[in-house]
Every structure is written in C-alpha cells, then in structure tokens.
Amino acid sequence: MKKVLWILGILLSQSFAEEVAFERSSEDIFLARSSKAPEVMPVNNALYQKECASCHFGYQPGLLPSQSWTYIMQNLRNHYGVDAEVENEDYQALLEYLSANASEKAMQYKRSAKITKSLQQGVLYQSITEIPYHIKKHRKIDKALINQKEVGSLARCAACHKKANEGIYSKHSVDIPNYGRWRD
C-alpha cells in the first residue's frame, strides 16, 4: 500500500508541476528564453558609447567585418547624411576598437561567426543591412512592419530586438511594434 501511495504521490506531483508550467504566462517564457548569453559581444568601450552610441544604436563591432568598419570610419564626414567626424586621436582609438572586435575576430560569438561565414569574398559591405546573414534572417518580415514609424529601417535593431544592447538577437527576444513576438 505504501508503494502505491508513493507512486500516486509522484504522479500527482509531476502532474501538478506540468500544470504549473503550462499556466506560466507567455511573458515569463519569453523572458526565460531570451535571457541567454550574448550572441555578439556587447559594446564595452566608453569612447564608442560617447561618440557613436549617443547618436544611434551602439552597433556591436561583431556585426560587421573589419573592412566595413574601416570604410565607415573613413567616411565619417558623410556618415549616413551626417557629419560625424571626430578628433584624430579618437578616430584612431575607435577604429582600433572596432577592428579588433569585428565579426571575423569574434568567432566565439554565434552571430558574429554566422555573419562572417555569410560574407562574399571581395565585397565591401557598407552597412549592416547589406550583410547576407542579416538579409536572410529578415527576409520573411513584411515590409510594412519594417517601414512603420516605430521601426523605420532594418538598421534600427533595438526597435524590435529588445535585448540588442546586450548582444542578444535571438528570435525569442524579438517584439515587433504593432505585431508582437516574432514567430517563424
């Protein structure tokens, strides 16, 4: 009899645990799934934060290859329509930081490795939105969701990737304005 009660107790506790897990809100599940290790090394440079991330999202260096960062830095006078030139000493320090942490030098991070593997030899990618991996990951998103004022462009990562600042771009952390969580 004790054995039967013991087995019944185990079955009931397992059933209760499954019911509790089922009743957890989708928000809890969303947060648990999106709380992973960074897929791209988060920005950790105060000068970059001050000079670059104070005007736009602080793109992690691992989102582009060093060749692209060099191109961007050499064209700061017309940085996507804005003069973003910096003092020569800051320019050198920023270029060194970006190049040292570019995608091909951050292969231990999942997204940086995938970005690097997607690159075509001899092509100069002038923005993140030109990267083949980036294009592939966003191809199913309706253009109206991208063009809406709350997003505006695929270059505005943090508009949908709620943990982008932490270097997390998993689909589990995507919440598109006026759509909700992304479902493939």
Side-chain angles (χ1 to χ4, degrees), residues 34-141 143 145-147 151-176 182 184:
S34 63
S35 303
K36 297 199 255 178
E39 300 157 342
V40 177
M41 184 182 82
V43 172
N44 62 0
N45 182 286
L47 180 61
Y48 180 79
Q49 288 284 3
K50 176 184 163 219
E51 293 294 341
C52 306
S54 63
C55 294
H56 57 70
F57 173 71
Y59 300 101
Q60 291 91 356
L63 293 174
L64 281 172
S66 55
Q67 178 184 3
S68 297
W69 287 118
T70 300
Y71 170 82
I72 290 168
M73 291 298 293
Q74 289 173 345
N75 291 283
L76 288 179
R77 181 169 288 197
N78 185 15
H79 185 63
Y80 304 101
V82 175
D83 183 349
E85 285 188 305
V86 295
E87 298 295 324
N88 190 48
E89 184 177 313
D90 290 345
Y91 173 90
Q92 294 300 326
L94 287 167
L95 183 57
E96 184 177 312
Y97 167 69
L98 294 167
S99 296
N101 296 287
S103 68
E104 75 275 12
K105 296 177 184 150
M107 297 293 281
Q108 70 273 29
Y109 291 93
K110 174 184 170 178
R111 300 274 176 209
S112 295
K114 289 182 176 189
I115 286 167
T116 300
K117 290 175 185 172
S118 79
L119 303 175
Q120 295 175 10
Q121 196 74 5
V123 175
L124 173 62
Y125 299 96
Q126 298 179 16
S127 74
I128 290 166
T129 58
E130 295 177 356
I131 300 291
Y133 178 75
H134 186 272
I135 293 167
K136 177 184 171 191
K137 293 304 285 184
H138 295 85
R139 73 186 181 281
K140 294 180 183 176
I141 302 172
K143 299 293 181 233
L145 292 172
I146 297 165
N147 295 331
V151 179
S153 161
L154 286 178
R156 294 196 52 227
C157 305
C160 301
H161 292 272
K162 301 306 177 188
K163 293 187 167 253
N165 282 332
E166 299 170 40
I168 298 172
Y169 291 88
S170 159
K171 68 181 177 183
H172 302 297
S173 67
V174 174
D175 191 357
I176 302 171
W182 181 246
D184 264 323

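Below, all heavy atoms of this structure are taken into account, side chains as well, without hydrogens, waters or symmetry copies.
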From CG (L47) to CD (E96), nearest 0.5 Å: 11.0 Å

Separation of S127 OG from I72 CD1 (nearest 0.5 Å): 7.5 Å

Ring centroid separation H56 to H79 under 6.0 Å: yes

Close side-chain approach of Y48 to Q60, heavy-atom, < 4.5 Å: no

Spacing of L154 atom CG and L145 atom CG [to the nearest 0.5 Å]: 10.5 Å

Y71 OH to L64 CG distance, which is reported to the nearest 0.5 Å: 12.0 Å

Check: Y109 main-chain N/O paired with E39 side-chain donor or acceptor under 3.5 Å: no

Crowding at CD, Q108 (>12 non-hydrogen neighbours, <6.0 Å): yes

Spacing of I141 atom CD1 and C160 atom SG [to the nearest 0.5 Å]: 6.5 Å

Minimum heavy-atom distance G58-A53, with the two atoms named: CA-CB, 3.7 Å

Whether H161 side chain and C157 backbone form a donor-acceptor pair below 3.5 Å: no

Sidechain-backbone polar pair: R139 side chain, K136 backbone, donor-acceptor under 3.5 Å: yes

Any side-chain heavy-atom pair of W182 and I176 under 4.5 Å: yes

Smallest separation among heavy atoms of W69 and A102, with atom names: CD1-CB, 4.0 Å

Exercise: do S54 and Q49 side chains pair donor with acceptor under 3.5 Å: no

N75 side chain vs N78 backbone, donor-acceptor pair below 3.5 Å: no

Heavy-atom donor-acceptor pair, K110 side chain to M107 backbone, under 3.5 Å: no

Any donor-acceptor N/O pair, D90 side chain to Q92 backbone, under 3.5 Å: no

Considering all heavy atoms, the nearest Y91-M73 contact: CE1-O, 3.1 Å

Shortest non-hydrogen separation from T116 to S103 and the atoms involved: OG1-OG, 2.9 Å

Main-chain N/O of S99 paired to K105 side chain as donor or acceptor, under 3.5 Å: yes

Donor-acceptor under 3.5 Å (S68 side chain, Y125 main chain): yes

Sidechain-backbone polar pair: R156 side chain, V151 backbone, donor-acceptor under 3.5 Å: yes

Taking every non-hydrogen atom, the tightest pair across H134 and T129: ND1-CA, 3.7 Å

Heavy-atom check, side chain of L119 versus side chain of Y133, under 4.5 Å: no

K162 vs V174 side-chain heavy atoms within contact, under 4.5 Å: no

Contact check, side chains of Y59 and V43, non-hydrogen atoms, under 4.5 Å: no

Side chain proximity check, S112 to L63, heavy atoms < 4.5 angstrom: no

Nearest-0.5 Å distance, CD of residue E104 to CD1 of residue I115: 11.0 Å

S66 vs L98, side-chain contact (heavy atoms from CB on, under 4.5 Å): CA-CA, chis, key distance, verdict: CA-CA 7 Å; S66 55; L98 294 167; over 6 Å; no

Closest non-hydrogen atom pair, N101 against M41: OD1-CE, 3.1 Å

Backbone of P38 reached by a side-chain donor or acceptor of E166 within 3.5 Å: no

